Student: 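Before I ask anything, let me first share the structure, which is written out below as structure tokens.
Keep in mind that this is a model prediction, so the values were computed, not measured. Per chain, numbering begins at 1; letters A, B, ... match sequence-line order.
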Amino acid sequence: MSHLTDLPTWAAVIVCGFVLLGAAIALIGSIGLLRLPDFYTRLHAPTLATSGGVILICTASMVCFAVLQNRWVFHEVLIIVFVIMTTPVTLMLLGQAALYRDRVEERRGVPLKQKPLREETPDETKE
Amino acid sequence: MTELAIIWSILAAQIMIGLAMAFAAYRMVKGPRAQDRILGLDTLYINAMLMLLTFGIRTANSIYFESALIVALIGFVSSIAFGKFLMRGEVIE
Amino acid sequence: MRTWFPYPLLSLGLLIIWMLLNQSVAPGTIVMGTILGVALAWVTLKLTPARSHPRRILRTLAFGASVFLDVIRSNIAVARVILRVGRRAPNSGFLTVDIDIEDENALALLACIMTATPGTAWLEYDRGRKSLLFHVLDMENEEVWIRTVKRYEAGLKEMFG
């Protein structure tokens with residue numbers, strides 16, 4: 001771990017702060033997953049880790065590698081973009097699946113499916 | 001002084017992410033219904049990816065980045081497959 | 001031109017991703033990335049995705065900045081809700097709002113934005129009624145949430161014109 005001592009102080013402060021803050025946000029998200037009462041509220045918990053945690057820790061990693069190896073290639077951006085693009089898809093699908101299952105089991109407190117609007121049918125009575 | 005601060009803060013961050021992984025795993029094992037388990041698994045994948053990134057910072061090895069990307073990819077695909085299965089009862093229709 | 005580059009932005013994005021993955025700007029990497037980008041754009045042509053033409057780059061940047069600020073703000077708000085959940089249960093609930101967006105891609109972008117910001121989760125969109133069902137973690141006043149969604153809708157409508 002000797003290389004980390006090569007970091008100048010300003011970079012060290014940034015890396016430390018971002019990593020600690022990101023990890024704390026991820027931990028809070030998981031605590032939410034543990035403590036929130038029902039599924040729909042738990043659905044909000046992982047977004048903390050995926051938005052705040054991933055952005056902060058990837059930024060810290062970018063700063064660290066850029067300063068240490070003087071290599072201004074930000075390939076951590078790929079992880080940020082990928083996670084931000086994919087997590088909503090997963091959560092939307094899970095939310096829809098949960099809604100569907102709850103409706104099939106007829107649980108209480110779940111909004112019912114709205115009846116589809118009838119298409120404007122031409123009057124069939126008068127011919 | 002700065003080296004101690006960096007080493008300890010990264011260690012503390014790893015402990016926090018490890019705790020987060022433990023909570024997600026608890027939700028995955030305990031979770032009253034199937035969708036809770038899948039949500040726990042998804043969170044576990046994300047936190048594992050963050051853990052790999054902190055290892056990458058600690059050892060200044062960019063191989064951890066590649067594994068973090070692969071973990072993120074596999075986590076996404078598996079969560080999507082599970083979600084689809086919950087909705088339709090089959091993965092590929 | 002269209003036959004060779006059916007989706008120029010997609011090809012360019014794939015080229016950038018390929019260069020980032022290889023971490024080099026050597027000519028060989030660029031050639032390989034260009035070949036991959038063009039070939040994958042042809043594959044995408046078979047899927048026939050809905051085309052849309054975003055305009056007004058400056059407006060898009062401003063919209064992105066406002067979404068980013070919202071993400072930070074709602075991160076803090078949701079963290080606060082989670083930390084005090086032992087003392088006070090969050091009054092979460094479902095909300096419906098009418099959304100009038102025709103463009104498929106704008107709708108998908110709206111879904112991604114709403115799910116990515118902690119605190120709101122997109123659940124169901126009814127195409128016939130054009131009404132959206134979403135779940136809110138901390139519903140102190142419904143008006144604020146509905147106004148937020150309306151603001152996103154207005155921004156997206158401006159962008160996709």
Student: Of the listed residues (A:Val13, A:Leu91, A:Asp102), which shares the most heavy-atom pairs with chain B below a 4.5 Å separation?
Tutor: A:Asp102
Student: Can you tell which of A:Ser61, A:Ala23, A:Gly17 has the highest number of heavy-atom pairs within less than 4.5 Å of chain B?
Tutor: A:Ala23
Student: Give me the atom names and distance for the closest heavy-atom approach of B:Ala24 to A:Leu33.
Tutor: CA-CD2, 4.1 Å
Student: So what's closer than 4.5 Å to chain B heavy atoms on A:Phe39: side chain, backbone, both or neither?
Tutor: both
Student: Could you look at A:Ala45 and say if it's the side chain, the backbone, both or neither that has a heavy atom under 4.5 Å from chain B?
Tutor: neither
Student: Let's test your reading of the structure: which of B:Met49, B:Met21, B:Lys30 forms the most heavy-atom pairs below 4.5 Å with chain A?
Tutor: B:Met49
Student: Take A:Leu27 and B:Phe23, measure what side chain to side chain contact (heavy atoms under 4.5 Å, CB included) needs, and give me the verdict at the end.
Tutor: CA-CA 9 Å; A:Leu27 181 60; B:Phe23 292 158; 4.1 Å; yes
Student: Minimum heavy-atom separation for A:Leu34 to B:Arg27, with atom names?
Tutor: O-NH2, 2.8 Å
Student: Among B:Ala20, B:Ala12, B:Gly18, which residue has the highest count of heavy-atom pairs closer than 4.5 Å to chain A?
Tutor: B:Ala20
Student: Can you tell me how far CD1 of B:Ile57 sits from SG of A:Cys64, rounded to the nearest 0.5 angstrom?
Tutor: 5.5 Å
Student: Considering all heavy atoms of both residues, which atom of B:Ala34 and which atom of A:Arg101 are nearest to each other, and what is their separation?
Tutor: CB-NH2, 4.0 Å
Student: Could you pull out the closest heavy-atom pair between B:Gly83 and A:Leu94, with the gap in Å?
Tutor: CA-CD2, 4.4 Å
Student: Enter the distance from A:Arg42:CZ to B:Leu39:CG here, rounded to the nearest 0.5 Å.
Tutor: 8.5 Å
Student: If you count heavy-atom pairs under 4.5 Å between each of A:Leu20, A:Thr87, A:Leu21 and chain B, which one has the most?
Tutor: A:Leu20
Student: Count the heavy-atom pairs under 4.5 Å between each of A:Thr9, A:Leu78, A:Leu93 and chain B, then report the option with the highest count.
Tutor: A:Leu93
Student: Select, from A:Ala98, A:Gly22, A:Gly29, the one with the greatest count of heavy-atom pairs under 4.5 Å involving chain B.
Tutor: A:Ala98
Student: Please examine the side chains of B:Ile46 and A:Val83, heavy atoms only from C-beta on, and report whether any two atoms are closer than 4.5 Å.
Tutor: yes
Student: Just verifying a value: how many Å separate A:Glu76 CD and B:Leu69 CG, rounded to the nearest 0.5 Å?
Tutor: 10.5 Å
Student: Which atoms of A:Val15 come close to chain B, meaning under 4.5 Å heavy atom to heavy atom: side chain ones, backbone ones, both, or neither?
Tutor: side chain
Student: Quick one, A:Ile79 and B:Leu53 - any side-chain contact, counting heavy atoms below 4.5 Å?
Tutor: yes
Student: So what's closer than 4.5 Å to chain A heavy atoms on B:Met51: side chain, backbone, both or neither?
Tutor: neither
Student: Check whether any side-chain heavy atom of A:Val89 sits under 4.5 Å from a side-chain heavy atom of B:Phe76, and report yes or no.
Tutor: yes
Student: Output the option from A:Thr86, A:Ile28, A:Val104 having the highest count of non-hydrogen pairs under 4.5 Å with chain B.
Tutor: A:Thr86
Student: Does any heavy atom of chain B fall under 4.5 Å from the side chain of A:Leu99, the backbone, both, or neither of them?
Tutor: neither
Student: Between B:Leu86 and A:Ala97, what is the shortest heavy-atom contact and its length?
Tutor: CB-CB, 3.9 Å
Student: Under a 4.5 Å cutoff for heavy-atom pairs, which residue among B:Leu73, B:Leu44, B:Asp42 has the most contacts with chain A?
Tutor: B:Leu73
Student: Is it the case that atom OH in A:Tyr100 sees more than 12 heavy atoms from other parts of the structure closer than 6.0 Å?
Tutor: no
Student: So that I can tick it off, tell me whether B:Arg33 and A:Asp38 are bridged by a salt bridge, with the cut-off set at under 4.0 angstrom between side-chain N and carboxylate O.
Tutor: no
Student: Taking C-beta and beyond as the side chain, do A:Ser30 and B:Leu19 meet within less than 4.5 Å on heavy atoms?
Tutor: no
